[in-house]
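Fair warning: this is a prediction, and the values are worked out from it, not measured in the lab. Lettering of chains follows the sequences in order, A, B, ..., and the numbering in each one begins at 1.
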Amino acid sequence: ILNVEQSPQSLHVQEGDSTNFTCSFPSSNFYALHWYRWETAKSPEALFVMTLNGDEKKKGRISATLNTKEGYSYLYIKGSQPEDSATYLCAFPANQAGTALIFGKGTTLSVSS
Amino acid sequence: EAGVAQSPRYKIIEKRQSVAFWCNPISGHATLYWYQQILGQGPKLLIQFQNNGVVDDSQLPKDRFSAERLKGVDSTLKIQPAKLEDSAVYLCASSPSSGTRDGYTFGSGTRLTVV
């Protein structure tokens with residue numbers, strides 16, 4: 001059974017701190033890696049879709065890197081703000097033939113002001 | 001662009017009762033997904049539709065769960081009869097195609113509590 005692991009499970013930081021999370025996935029037969037942010041009482045929101053080894057994507061203070069050879073992706077948040085408090089999910093497709101994403105359990109970030 | 005619409009937002013039912021959830025995806029999105037997210041776990045795929053055909057329902061408990069996507073647009077997910085372990089958030093998502101490089105657009109989910 002293909003699996004995606006995320007760590008840490010939860011994280012609490014102070015406003016202004018920078019932080020990062022890890023997503024580990026099977027490195028064989030890689031197709032794409034997705035990151036989503038899920039705020040309480042809202043819809044999960046797509047952050048990044050990453051496809052190339054060594055890729056780095058950025059959206060405001062959030063960035064992500066990808067290492068397909070070793071099977072991990074990092075999500076970084078620079079200068080965390082209370083509005084960054086959310087659960088961050090990573091996911092990957094089991095195969096390229098149009099199958100749905102397999103999600104990790106997520107990292108829940110809480111940012112205190 | 002309108003988002004993915006889901007209803008209801010919340011539902012509380014007794015075990016052995018029936019419940020139905022509704023989803024209206026982004027206009028033009030061919031692929032629709034239903035996920036179940038149990039507290040403390042990641043979202044788990046229940047069923048994937050491509051237009052009005054089922055692509056993957058391997059994890060759908062077919063003895064009690066059913067889903068349809070009439071005319072390749074709206075979709076309903078039904079549970080009959082519900083069990084306590086069905087308490088979860090049910091998320092609907094859509095994407096332009098079934099390709100792996102398309103991000104999903106999610107609805108706000110239905111939080112089901114079975115008592």
same_hphob_cluster(B:Leu45, B:Leu32) at 4.5 Å side-chain heavy-atom cutoff
no
Can you list everything that forms a side chain to side chain contact (heavy atoms under 4.5 Å, CB included) with B:Lys11? Sequence neighbours excluded, please.
B:Pro8, B:Ile13, B:Val19, B:Leu112
Got more than 12 heavy atoms from elsewhere within 6.0 Å of CD1, B:Ile12?
no
Inter-chain contacts: residues 56-64 of chain B against chain A, heavy atoms under 4.5 Å:
none
So if you build clusters from Ile, Leu, Val, Met, Phe, Trp, Tyr with side-chain heavy-atom gaps below 4.5 Å, do A:Leu11 and A:Val111 land together?
yes
Flag yes if more than 12 heavy atoms outside B:Leu84 fall under 6.0 Å of its CG atom; otherwise flag no.
yes
Hydrophobic cluster membership, B:Leu91 vs B:Val114, 4.5 Å side-chain cutoff:
no
Spell out the residues in residues 49-68 of chain A that have some non-hydrogen atom less than 4.5 Å away from a non-hydrogen atom of chain B, in order of number; otherwise answer 'none'.
A:Val49, A:Thr51
Could you measure the distance from the NE2 atom of A:His34 to the CG atom of B:Asp102? Nearest 0.5 Å is fine.
8.0 Å
Say whether A:Val13 and A:Ile77 are linked into one hydrophobic cluster, either directly or through other cluster members, by side-chain heavy-atom distances under 4.5 angstrom.
yes
Residue-level interface, residues 36-47 of chain A with chain B, non-hydrogen cut-off under 4.5 Å:
A:Tyr36, A:Trp38, A:Ala41, A:Lys42, A:Ser43, A:Pro44, A:Ala46
Does atom CD of A:Gln81 have more than 12 heavy-atom neighbours, drawn from other residues, nucleotides or ligands, at distances under 6.0 Å?
yes
Is the count of non-hydrogen atoms from other residues, nucleotides or ligands lying under 6.0 Å from A:Glu15 atom CD greater than 12?
yes
Selection from B:Gly40, B:Pro43, B:Ser97, B:Gly109 maximising heavy-atom pairs under 4.5 Å formed with chain A:
B:Pro43
Hydrophobic cluster membership, with links at side-chain heavy-atom distances under 4.5 Å among I/L/V/M/F/W/Y: are A:Leu101 and B:Trp34 in one?
no
Give a yes or no answer on whether the side chain of B:Tyr35 reaches the backbone of A:Phe103 with a donor-acceptor pair at less than 3.5 Å.
no
Given the options B:Gln6, B:Arg9, B:Arg111, which has more heavy-atom pairs under 4.5 Å with chain A than any of the others?
B:Arg9
